[in-house]
S.K.: 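Before I ask anything, let me first share the structure, which is written out below as structure tokens.
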Amino acid sequence: QGLLTESGGGSVQAGGSLRLSCSVFEYDFMNRRSLGWFRQAPGQEREGLACISPDGRRTYYHDSAKGRFTISRDNTLKSIYLQMNDLKSEDTAVYYCVRDSRANWWSSCATEDGYTTWGRGTQVTVSS
């Protein structure tokens with residue numbers, strides 16, 4: 001069991017929804033770190049999809065996620081979530097939960113800078 005464990009992936013028809021979850025197995029520092037989601041589609045580079053600040057007040061979304069995806073976190077449950085609505089075939093990818101190595105720090109996940117801890121990923125497949 002790693003530090004970050006994703007769940008909730010699966011297969012869905014275009015227009016459908018999925019909710020990804022990531023459990024953070026870190027006792028003391030979960031609520032001090034920014035967390036987020038990256039994805040990697042076959043043959044493509046990884047892209048930062050959405051991330052959230054330690055206090056949950058700031059978020060970043062990739063243009064492809066804006067208006068369809070919502071990131072949230074529950075520091076009590078040591079988890080983050082990605083609600084994905086109106087899924088499209090181009091959302092097919094492996095989705096990774098990521099954690100910023102810097103405590104009490106916020107930076108968008110437009111790049112991987114600082115986001116050095118990764119989960120194993122969960123597959124999302126959207127069929128048209």
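Owing to the predicted nature of the structure, the values given are computational and were not obtained by experimental measurement.
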S.K.: Give every residue pair that meets the disulfide bond (SG atoms under 2.5 Å apart) criterion with at least one member in residues 52-102, sequence neighbours excluded.
M.R.: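 Qualifying pairs: Cys22-Cys97.
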
S.K.: Run the side-chain contact (heavy atoms from CB on, under 4.5 Å) test on Val124 and Thr92 for me, step by step, so that the C-alpha distance in whole Å, both residues' side-chain angles and the decisive distance to 0.1 Å come before the verdict.
M.R.: CA-CA 5 Å; Val124 171; Thr92 295; 5.9 Å; no

S.K.: Could you tell me whether a side-chain N or O of Ser79 sits under 3.5 Å from a main-chain N or O of Leu77, the two making a donor and an acceptor?
M.R.: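 Here the side-chain-to-backbone pair exists.
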
S.K.: Among pairs that include at least one residue of residues 53-83, which meet disulfide bond (SG atoms under 2.5 Å apart), considering only residues two or more places apart or in two chains?
M.R.: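 Passing the test, one end in residues 53-83: no pairs.
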
S.K.: Going from NZ on Lys66 to CG on Leu49, what distance comes out if it is rounded to the nearest 0.5 angstrom?
M.R.: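 Between Lys66 NZ and Leu49 CG, I get 11.5 Å after rounding to 0.5 Å.
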
S.K.: Just by modelled atom types, is the Ile52 backbone N or O under 3.5 Å from a matching donor or acceptor in the Thr59 side chain?
M.R.: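 Pair absent, no side-chain N/O of Thr59 close to backbone of Ile52.
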
S.K.: Holding to side-chain contact (heavy atoms from CB on, under 4.5 Å), I want the full list of residues that pass it with Asp113, two or more places apart in sequence or in another chain.
M.R.: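 Residues passing side-chain contact (heavy atoms from CB on, under 4.5 Å) with Asp113: Thr111.
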
S.K.: The criterion is side chain to side chain donor-acceptor pair (under 3.5 Å); which residues satisfy it with Ser101, sequence neighbours excluded?
M.R.: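 Per chain and number, Ser101 pairs via side chain to side chain donor-acceptor pair (under 3.5 Å) with no residue.
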
S.K.: Side chains of Leu82 and Thr70, heavy atoms from C-beta outward: is any pair under 4.5 Å?
M.R.: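 Of all side-chain heavy-atom pairs linking Thr70 with Leu82, none is under 4.5 Å.
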
S.K.: Which residues satisfy the side chain to side chain donor-acceptor pair (under 3.5 Å) test with Ser23, sequence neighbours excluded?
M.R.: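 Partners of Ser23 by the side chain to side chain donor-acceptor pair (under 3.5 Å) criterion come out as none, since no residue qualifies.
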
S.K.: For the residue pair Arg19 and Tyr81, would you count it as a cation-pi contact if the rule is NZ or CZ under 6.0 angstrom from the ring centre and within 45 degrees of the ring axis?
M.R.: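 Ring-cation test returns yes.
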
S.K.: Applying side-chain hydrogen bond (donor to acceptor under 3.5 Å, both in side chains) as the test, list every pair that has at least one member in residues 36-46; sequence neighbours left out.
M.R.: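 Output for this query lists Arg39-Glu47, Arg39-Ser64, Arg39-Asp91, Arg39-Tyr95, Arg46-Glu112.
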
S.K.: Are Tyr115 and Val24 joined in one hydrophobic group, where the rule is that I, L, V, M, F, W and Y side chains link up if heavy atoms are under 4.5 Å apart?
M.R.: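 Different clusters: Tyr115 never reaches Val24 through Ile, Leu, Val, Met, Phe, Trp or Tyr contacts under 4.5 Å.
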
S.K.: Within this structure, what is the CG-CZ distance for the pair Asp100 and Arg33, rounded to the nearest 0.5 Å?
M.R.: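 Between atom CG of Asp100 and atom CZ of Arg33 there are 8.0 Å.
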
S.K.: Quick one: ring pair (Phe, Tyr, Trp, His ring centres under 6.0 Å) pairs with a partner in residues 59-78, sequence neighbours left out?
M.R.: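 Qualifying pairs: none.
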
S.K.: Got Val98 and Leu35 here, is their nearest side-chain heavy-atom distance under 4.5 Å?
M.R.: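 No, too far: nothing below the 4.5 Å cut-off.
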
S.K.: Return the minimal non-hydrogen interatomic distance between Val12 and Gly16, and the atom names on each side.
M.R.: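 Between these two residues, the closest heavy atoms are CG2-CA, 3.8 Å.
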
S.K.: Would you say Glu6's side chain and Arg120's backbone share a donor-acceptor pair under 3.5 angstrom?
M.R.: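 Checked: pair present.
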
S.K.: Decide yes or no for Lys88 and Asp86: does some side-chain heavy atom of the first lie under 4.5 Å from some side-chain heavy atom of the second?
M.R.: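 Yes; the side chains approach each other to less than 4.5 Å.
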
S.K.: Is any side-chain heavy atom of Cys51 closer than 4.5 Å to one of Ser34?
M.R.: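 Answer no - side chains too far apart.
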
S.K.: Linking Ile, Leu, Val, Met, Phe, Trp and Tyr by side-chain heavy atoms under 4.5 Å, what else ends up with Trp105?
M.R.: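 For Trp105, no cluster forms, as it stays isolated from other hydrophobic side chains.
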
S.K.: State the NZ-CZ distance between Lys78 and Arg73, to the nearest 0.5 angstrom.
M.R.: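 The distance works out to 12.5 Å.
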
S.K.: Locate the shortest heavy-atom distance separating Leu87 from Met84; write the atom from each residue and the value.
M.R.: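 That would be CD2-CB, 3.8 Å.
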
S.K.: Could you verify whether a donor N or O on one side chain and an acceptor N or O on the other, from Ser107 and Arg102, lie under 3.5 Å apart?
M.R.: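 Yes, side-chain donor-acceptor contact under 3.5 Å.
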
S.K.: Going by the rule side chain to side chain donor-acceptor pair (under 3.5 Å), which residues pair with Thr125 if we only count those two or more places apart in sequence or in a different chain?
M.R.: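 In terms of side chain to side chain donor-acceptor pair (under 3.5 Å), with neighbours along the sequence ignored, Thr125 is linked to Gln123.
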
S.K.: Using ring pair (Phe, Tyr, Trp, His ring centres under 6.0 Å) as the criterion, list what pairs up with Phe38, not counting sequence neighbours.
M.R.: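 Partners of Phe38 by the ring pair (Phe, Tyr, Trp, His ring centres under 6.0 Å) criterion, ordered by chain and then number, come out as Trp118.
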
S.K.: Hey, what do you get for CG (Leu18) to OG (Ser11), rounding to the nearest 0.5 Å?
M.R.: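 Between atom CG of Leu18 and atom OG of Ser11 there are 8.5 Å.
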
S.K.: Return the set of residues passing ring pair (Phe, Tyr, Trp, His ring centres under 6.0 Å) with Trp106 (not counting sequence neighbours), or none when no residue passes.
M.R.: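 Trp106 satisfies ring pair (Phe, Tyr, Trp, His ring centres under 6.0 Å) with no other residue.
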
S.K.: Asn85: what forms a side chain to side chain donor-acceptor pair (under 3.5 Å) with it, not counting sequence neighbours?
M.R.: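 If we apply the side chain to side chain donor-acceptor pair (under 3.5 Å) test to Asn85, skipping adjacent residues, the hits are Ser17, Gln83.
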
